[in-house]
Amino acid sequence: MPDNQPLWLRAVIRLERAIGEPIESAVRSDTYFDLVSTTTRVRRKVMGTAEGVSRRCLHLLNLPAGSDMRGMRQQLARMERRLNQLSHEVGELDEDGSGADV
Amino acid sequence: MINPRIPSTLNPGELLTRVNRDVERSVLRARNGIRYVRGSHRPALGMTPKEVVWKRDKAELWRYKGGDRRYGPPLVIVHSLVSRSYILDLRPGNSTVEYLTRAGLDVFMLDWGVPDDLDADNDFERYVDWYLPRALEAARSASGHEEVTLAGYCLGGVIAALYAAGYEDPGVRNLILMATPVDYSEMGAMVALLREDRLDPDELIDETGNVPADALYSGFYMLAPTVEVAQKATFLENLWNDEFVEGFQAMATWSRDHVPFPGAAFRQLVDLLVRRNILMTGSMPLGGRQVDLGTFRGNVLNAMAERDNVVPPPAVEPIMQLVGDPARREELRLPGGHVTFGTGKSAFKHTMPKLTGWIIDHSDSPS
């Protein structure tokens with residue numbers, strides 16, 4: 001710790017370390033990682049269930065749900081990726097004229 | 001207790017000087033505090049002049065200007081997939097690429113951009129066998145050299161090593177691996193959530209097909225969740241110092257500015273690198289072939305940060321047994337952490353001179 005630091009700053013840094021070190025040990029423990037895994041899984045499950053219910057409700061009214069939009073977006077992205085790939089391949093074929101480097 | 005900062009005798013002249021200084025600093029603190037809260041006067045980042053010499057999808061190859069390019073072959077830096085590349089060009093006077101450029105090197109940076117839905121299928125093959133060979137060809141063509149010095153930072157180092165070892169004639173004279181993890185059993189907290197009995201990669205991938213930037217930020221943040229308090233206190237104490245404020249803001253901006261991780265590459269990372277720790281076998285399956293890391297015949301520099309808590313030294317050290325020819329490997333241990341060994345005062349005192357010296361020693365002298 002540099003000597004020219006004021007006392008209040010030294011105190012804050014010491015306090016932060018005093019609190020921070022046990023917290024860091026805790027968040028690097030197996031218990032913490034297991035807890036985060038479980039929480040993430042439960043959250044995804046709850047959200048998936050809620051999404052399923054809302055999707056069925058919206059479909060009853062013949063309305064598209066968020067998941068439909070997402071699916072459509074993913075399909076569009078896949079198409080765009082393929083188009084980009086093809087355009088790169090065509091560009092490279094034009095550049096080298098041999099067609100070997102695709 | 002006697003405060004060592006206050007001399008026992010203080011004459012009126014010194015007292016007046018101190019009072020003046022404190023008043024002046026208080027005014028500057030107030031001014032900079034208002035600017036900080038208002039969000040004005042944000043530092044400009046990534047300002048070293050550059051030109052885009054190649055672009056495919058979101059990947060761009062930049063060539064930096066400003067130096068007299070005395071040495072060859074050109075240096076191509078491959079950035080990581082999880083963070084923004086401007087960390088290596090943070091701000092004028094505190095920029096790795098600026099330093100390297102001024103030293104006479106022809107510096108290129110391969111920046112991956114910000115992945116979105118369109119990049120969800122990008123796997124390691126896409127980076128190693130598709131983007132990188134094309135970017136390097138562009139660098140060779142722009143510089144007029146047949147070879148390059150290839151430097152990879154963090155995961156960019158894994159991509160660079162796989163490329164250098166994955167081709168019979170990769171055109172790479174020197175391979176520099178900076179904070180590049182190979183032993184994932186030593187990565188500790190960074191990968192602990194991804195072990196077999198915990199989260200599957202798909203549980204972290206969102207509707208865009210990528211791991212969201214927030215998830216990556218949380219991973220880094222949780223390594224030291226309270227340290228921000230001490231950083232903010234230090235910032236408050238130095239709020240009068242324009243240069244400190246600018247540096248602090250630049251680093252704070254970068255540390256929150258993560259990019260999504262392409263889903264396909266993330267699945268491979270978890271399956272091959274984290275769970276099977278495959279790089280420790282010395283080879284990795286890639287694009288239907290087996291890439292043996294030991295086949296690279298150029299010079300290898302393994303640069304690591306001694307206090308790196310993201311990629312700890314034990315995760316990096318095995319490079320010295322695995323990558324390239326044993327007679328042509330060198331190790332460089334540098335002070336600092338994962339980021340600070342490449343940027344900031346310590347980097348300019350230790351990393352930059354050593355790194356630049358090594359590159360120049362393994363380059364052609366000016367003609």
Side-chain angles (χ1 to χ4, degrees), chain A residues 1-30 32-41 43-45 51 66-67 69-71 73-85 87-88 91-92 95-96 101-102, chain B residues 1 3-6 22 55-58 115-122 126 130-131 133-134 137 188-200 202-210 215 218-219 221-238 263-264 309:
Chain A
M1 204 178 285
D3 285 343
N4 57 353
Q5 280 179 345
L7 283 174
W8 74 268
L9 182 56
R10 288 177 191 216
V12 170
I13 291 169
R14 280 209 183 125
L15 185 66
E16 184 276 319
R17 278 299 79 205
I19 298 167
E21 275 171 13
I23 292 177
E24 281 164 23
S25 306
V27 298
R28 288 169 196 202
S29 65
D30 284 344
Y32 171 78
F33 292 124
D34 290 340
L35 186 72
V36 173
S37 306
T38 311
T39 313
T40 308
R41 279 208 182 109
R43 198 179 61 217
R44 279 183 80 97
K45 208 167 184 178
E51 202 177 276
S67 51
M69 303 306 290
R70 200 160 56 227
R73 222 173 93 178
Q74 282 165 354
Q75 274 188 11
L76 281 172
R78 270 198 292 274
M79 269 179 63
E80 202 174 331
R81 271 200 298 270
R82 186 69 195 126
L83 276 174
N84 283 344
Q85 180 70 25
S87 103
H88 291 324
E92 288 181 358
E95 273 170 30
D96 62 25
D101 184 29
V102 287
Chain B
M1 194 169 68
N3 186 340
R5 296 176 68 230
I6 302 171
D22 285 350
K55 181 173 165 53
R56 285 289 186 284
D57 305 327
K58 296 187 185 65
D116 60 20
D117 312 46
L118 294 180
D119 306 290
D121 287 345
N122 285 0
R126 183 77 174 166
W130 206 88
Y131 289 123
R134 286 160 176 78
E137 193 47 48
M190 277 311 291
V191 299
L193 266 176
L194 303 168
R195 302 251 174 250
E196 279 87 355
D197 50 344
R198 296 202 176 108
L199 290 179
D200 282 326
D202 285 307
E203 290 177 295
L204 288 171
I205 291 172
D206 68 8
E207 67 275 7
T208 67
N210 302 313
S218 303
Y221 178 81
M222 287 314 286
L223 287 174
T226 60
V227 84
E228 208 176 326
V229 175
Q231 286 170 351
K232 284 273 163 69
T234 309
F235 173 63
L236 192 63
E237 167 62 15
N238 291 285
N309 64 351

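The sequence lines fix the lettering, A, B, ..., with proteins before strands; numbering per chain opens at 1.
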Would you name the heavy atoms of A:Ala77 and B:Leu118 that are closest together and state the gap between them?
->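 Minimum heavy-atom contact is O-CD2, 3.4 Å.
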Which of the residues A:Gln74, A:Arg41, A:Arg78 is involved in the greatest number of heavy-atom pairs with chain B at under 4.5 angstrom?
->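 The residue among A:Gln74, A:Arg41, A:Arg78 with the greatest pair count is A:Arg41.
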Among A:Ile19, A:Val27, A:Leu15, A:Thr38, which has the most heavy-atom pairs under 4.5 Å with chain B?
->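 Heavy-atom pair counts peak at A:Val27.
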Using non-hydrogen atoms and a 4.5 Å limit, figure out which bit of A:Arg81 sits close to chain B: side chain, backbone, both or neither.
->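 It is both, since atoms from each part get that close.
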Per-residue contact mode, A:Asn84 against chain B (heavy atom under 4.5 angstrom) =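 Only the side chain of A:Asn84 comes within 4.5 Å of chain B.
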To the nearest 0.5 Å, how far apart are [atom1] in [X] and [atom2] in [Y]?
X: A:Glu16; Y: B:Lys232; atom1: CD; atom2: NZ; answer: 12.5 Å
X: A:Arg28; Y: B:Leu223; atom1: CZ; atom2: CG; answer: 5.5 Å
X: A:Thr40; Y: B:Asp200; atom1: OG1; atom2: CG; answer: 11.5 Å
X: A:Arg10; Y: B:Glu237; atom1: CZ; atom2: CD; answer: 11.0 Å

Should the pair A:Asp30-B:Arg198 be classified as a salt bridge under the 4.0 Å nitrogen-to-oxygen rule?
->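 A salt bridge is present here (some side-chain N lies under 4.0 Å from a carboxylate O).
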What part of B:Asn309 lies closer than 4.5 angstrom to a heavy atom of chain A: side chain, backbone, both or neither?
->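 Only the side chain of B:Asn309 comes within 4.5 Å of chain A.
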Contacting moiety of B:Asp119, where chain A heavy atoms sit under 4.5 Å =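 Contact with chain A: backbone only.
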Walk me through it: do A:Arg73 and B:Thr208 pass the test side chain to side chain contact (heavy atoms under 4.5 Å, CB included)?
-> CA-CA 8 Å; A:Arg73 222 173 93 178; B:Thr208 67; 3.4 Å; yes
